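Quick notes on the structure that follows.
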Amino acid sequence: MTKRALITGVVGQDGSYLAELLLSKGYVVRGITRRASYPHTQRIDHLFKQYDDRDAEARFRVTYADLTDSSSLQNVLHEFQPTEVYNLAAQSHVGISFETGESTLDINAIGPFRLLDAIRSSGAKDVRFYQASSSEMFGASPPPQNELTPFLPQSPYGVSKVAAFYLTRLHRIAYGMFASNGILFNHESPRRGLNFVTRKITYSIAQIIAGELDRIELGNLDAKRDWGFSGDYVEGIWRILQHTEPDDFVLATGEMYTVRDFLGQTFGLLGLDWEDFVTITDRYRRPAEVPALLGDASKARRVLGWEPKVHFGGLCEMMLAGDLAARGFTLEQARTKAATLTPKRGGA
Ligand SMILES: NC(=O)c1ccc[n+]([C@@H]2O[C@H](COP(=O)([O-])OP(=O)(O)OC[C@H]3O[C@@H](n4cnc5c(N)ncnc54)[C@H](OP(=O)(O)O)[C@@H]3O)[C@@H](O)[C@H]2O)c1
C-alpha cells in the first residue's frame, strides 16, 4: 500500500527536507501551510516543479490549514486520509516566544492537541503521529540530556513543547495511538530561518563579503548548543515513525559548541577574525537563558540505527557556502575578497 504522509509546517526548514525524503521513498505527500500576505514557499518550490501539483494524482500537494483552526485540520485529514502525520508546524523561535507567549502556546501546545484529537475522533486506527519535540524542553537541566533527563524549560516555547510532548504520550497511553516524540537538538541548514543565530551569522558574512554590511549585532555568545544538519535529522524523524512501536527518541550529534565557536569557525573559513565584525548588544538577551544543550542520542543509535553524518565543521561550511553562492561567490572567491576588507573597528 502506498504510504500517505501529511506534513504540517511543510514550508519550514525541516518540512521541506522531510517532503523531499518521503517523495524519494515513493510516498504521496500533502503539506499544510497558513495563508501569508506574501508567498513564502521558496523552500518547496522545486518540489512543485518536480511533482506537478495540478495533477489529481500528484504526489505532492499543499493545502491551506492552520493548527489553530480545528475544522481545517479535520477537513484535510478527512480528505487526504494519511497513514502518517508529521507535526512539524510551530512558532519555532525561542526568543520571539517571550513576546508572543499566548499564540506560541496556542500553536505549539493546543495545536498538537487539536491534531491528535482530530485523528482520534476520525476513527482511523492505524495513523502514525510524530510530534516535533525539542531539546529546549530540557532548558536548565545540566548536560548531557537524554530521554530520562527532567524537563526544566526556560521559555514559553520550551513550556509549549513540554505540554505537546506529554499530550502526545497521553494519546499513546490513553487511546493506544501510535504517537511518538522526536526530541531534537538544534539542527540547521542553508534553509534555516534568517533570524536564528547560525543562519544570521552565515547570511551576514555573505553580506559583508558583498559589501552590503559592516558589522553583525549578536547577543549571548556563551550559549552552548549541539548543532546538527536538518537533512540528517529528517531521516531520524522518518525512522521514529517506522519503528515497530511508538516511543520517544533524542536526536543529537553529541558534540557541543558555543556561538563564539560558530563565529570562529565560519569567519575562519574566510581567514577573518570575527571580533573585527561583531557587536554585542543586550537587545538579543532573553529573560531566561538555556546555558548548555548536549544530546545523548544513544537510544536512537541503538534502536533505530540512526547516526548524523554532518558534523560541526561541515555544517558551518555548508551554510556559509550556501549564503555566499546566493550572492555569486565561491568560498575561494570570498577568501580573496575577504583579504581586501578593512574592518571598521569598535563597538564589540
Ligand atoms: N530546527 C531546530 O533546531 C528544531 C529543534 C527542535 C525542534 N524543532 C521543532 O521542529 C519543527 C520544525 O522546525 P523548523 O526548524 O523546520 O521550523 P520552521 O522553519 O520555523 O518551520 C515551522 C513551520 O510551522 C508553520 N506554522 C507556524 N504556525 C503554524 C500554524 N498556526 N498552523 C500551521 N502551520 C504553522 C510555519 O509555516 P507557515 O509559514 O506556512 O505558517 C513554518 O514554516 C518545529 O516544530 C520546531 O519547533 C526544531
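Each ligand, and each atom within it, is numbered from 1 in the order the structure gives. Here the structure is a predicted model, which is why all the values come from computation and not from measurement.
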Heavy-atom distances under 4.0 Å decide this one: backbone, side chain, both or neither, for H40 against ligand 1? side chain
Do any N/O atoms on D14 end up under 3.5 angstrom from N/O atoms on ligand 1? yes
Output field: ring centroids F129/F178 closer than 6.0 Å: no
Face-on cation placement of R215 at F277 ring, 6.0 Å and 45° thresholds: no
Review item, side-chain donor-acceptor pairs of residues 295-303, under 3.5 Å, at least two apart:
unit_1	atom_1	unit_2	atom_2	d
D296	OD1	S298	N	3.0
D296	OD1	S298	OG	2.7
K299	NZ	D247	OD1	3.1
K299	NZ	D247	OD2	3.1
K299	NZ	D248	O	2.8

Under a 3.5 Å threshold, yes or no: a donor from one side chain and an acceptor from the other, between T68 and D106? no
For atom 40 (O) of ligand 1, what is the nearest protein heavy atom, given as residue, atom name and distance? T33 OG1, 2.4 Å
Mind checking whether I107 has a heavy atom under 4.0 Å from ligand 1? yes
Got the closest protein heavy atom to atom 17 (O) of ligand 1, with its distance? S92 OG, 3.5 Å
Determine the interplanar angle of the F262 and F312 rings, folded into 0 to 90°, and report it as parallel if under 30°, tilted if 30 to 60°, perpendicular if over 60°. perpendicular
Is there a heavy atom in K161 that sits closer than 4.0 Å to ligand 1? yes
Taking only residues two or more places apart in sequence, or in another chain, which ones meet E79 in a salt bridge (charged side-chain N to carboxylate O under 4.0 Å, His left out)? R30
Taking atom 6 (C) of ligand 1 as the reference point, the nearest protein heavy atom with its distance: L184 O, 3.1 Å
Testing the 3.5 Å rule here: is there a donor-acceptor pair between the side chains of S71 and D69? yes
Among protein heavy atoms, which sits nearest to atom 7 (C) of ligand 1, and what does the distance come to when rounded to 0.1 Å? S133 O, 3.5 Å
For Y257 and Q265, does a side-chain donor sit closer than 3.5 Å to a side-chain acceptor? no
State whether the number of non-hydrogen atoms from other residues, nucleotides or ligands found under 6.0 Å of K25 atom NZ is greater than 12. yes
How close does the nearest protein non-hydrogen atom get to atom 10 (O) of ligand 1, and which residue and atom is it? A132 CB, 3.5 Å
Please confirm whether Y157 approaches ligand 1 to less than 4.0 Å, judged on its heavy atoms. yes
E136, portion touching ligand 1 at heavy-atom distance under 4.0 Å: neither
Which class fits the ring pair Y233 and H187: parallel under 30°, tilted 30 to 60°, perpendicular over 60°? parallel
Counting only nitrogen or oxygen atoms and a 3.5 angstrom limit, does H187 reach ligand 1? yes
Give the residue and atom name of whichever protein heavy atom lies nearest to atom 37 (O) of ligand 1, and the separation in Å to one decimal. V11 CG2, 3.5 Å
Regarding ligand 1, does S134 bring an N or O atom to under 3.5 Å of one of the ligand's N or O atoms? no
Note the single closest protein heavy atom to atom 31 (N) of ligand 1, along with its residue, its atom name and the distance in Å. D66 OD1, 2.8 Å
Looking only at protein heavy atoms, which one is nearest to atom 23 (C) of ligand 1, and what is the separation? G9 CA, 3.7 Å
